[in-house]
Amino acid sequence: MNKYELMGVVNASLAQEERDSIFKDVVDIVGKSGGKVINNQVWLDKHKITFNLKKCPQVTYYLVNFESAPANITKMKQSFKLNEKILRFLILKLGK
């Protein structure tokens, strides 16, 4: 099991309940794909960005630290790409 960090970006103009639902979905996808969530949090809320992402001037950043087998990362990426409410995401492997 390797340690990974996931940064997700969603539209900040959505209702708080909807943003919480998206965040919960992200954590559920990690769990269903065989990962173990270590830490999850809102990293930056309602941040005005320099350029619009899919016509969204403000975004919220979510940070999720988790452990997973390398083979499961592909399944997670596919699930995140299918969720249209996630504007961008990045998964980084931590350490060696």
- prompt: Is Lys75 atom NZ crowded by more than 12 heavy atoms from other residues, nucleotides or ligands, each under 6.0 Å away?
  reply: yes
Quick check on the hydrophobic clustering: are Val64 and Ile86 connected, directly or via other members, by side-chain heavy-atom contacts under 4.5 Å? yes
Q. When you look at CD of Gln41, are more than 12 heavy atoms from neighbouring residues, nucleotides or ligands closer to it than 6.0 Å?
A. yes
* Asked: Is Phe23 reachable from Leu87 through a run of I, L, V, M, F, W or Y residues, each pair having side-chain heavy atoms under 4.5 Å apart?
  -> no
Here the gap from Arg88 atom CZ to Lys54 atom NZ, rounded to the nearest 0.5 Å, amounts to 6.5 Å
So CD1 of Ile49 and SG of Cys56: to nearest 0.5 Å the spacing works out to 7.5 Å
Do Val30 and Ser68 have side chains that approach each other closer than 4.5 Å (heavy atoms only, starting at C-beta)? no
Nearest heavy-atom approach of Lys46 to Gln58 is O-NE2, 4.0 Å
Please determine whether residues Met76 and Val10 belong to a single hydrophobic cluster, defined as Ile, Leu, Val, Met, Phe, Trp and Tyr linked transitively by side-chain heavy-atom distances below 4.5 Å. yes
Taken to the nearest 0.5 Å, the spacing of Leu44 CG from Thr60 OG1 works out to 8.0 Å
d(Asn72 CG, Ile29 CD1) to nearest 0.5 Å is 13.5 Å
Residue set satisfying salt bridge (charged side-chain N to carboxylate O under 4.0 Å, His left out) with Asp45, at least two apart, ordered chain then number -> Arg19
Heavy atoms, side chains only, cut-off 4.5 Å: are Ile22 and Leu14 in contact?
yes
Grouping I, L, V, M, F, W and Y whenever their side-chain heavy atoms are under 4.5 Å apart, do Val26 and Ile73 come out in a common cluster? yes
Point to revise | Leu63 vs Glu5 side-chain heavy atoms within contact, under 4.5 Å | key: yes
Using 30° and 60° as the class boundaries, would you call the ring planes of Tyr4 and Phe66 parallel, tilted or perpendicular? parallel
Any Lys/Arg nitrogen of Asp20 or Lys24 sitting under 4.0 Å from an Asp/Glu carboxylate oxygen of the other?
no
Separation between CG (Leu90) and NZ (Lys77), nearest 0.5 Å, reads 8.0 Å
Check: Does the pair Leu6 and Phe89 meet the rule for a side chain to side chain contact (heavy atoms under 4.5 Å, CB included), with working shown?
Finding: CA-CA 7 Å; Leu6 164 70; Phe89 71 92; 4.1 Å; yes
> Are Tyr61 and Val42 close enough that some pair of their side-chain heavy atoms sits under 4.5 Å apart?
Replying inline: no
Do Ile91 and Phe80 have side chains that get closer than 4.5 Å, going by heavy atoms? yes
| field | Val27 with Ile38, same ILVMFWY side-chain cluster at under 4.5 Å | value | no
Here the gap from Ser33 atom OG to Gln78 atom CD, rounded to the nearest 0.5 Å, amounts to 9.5 Å
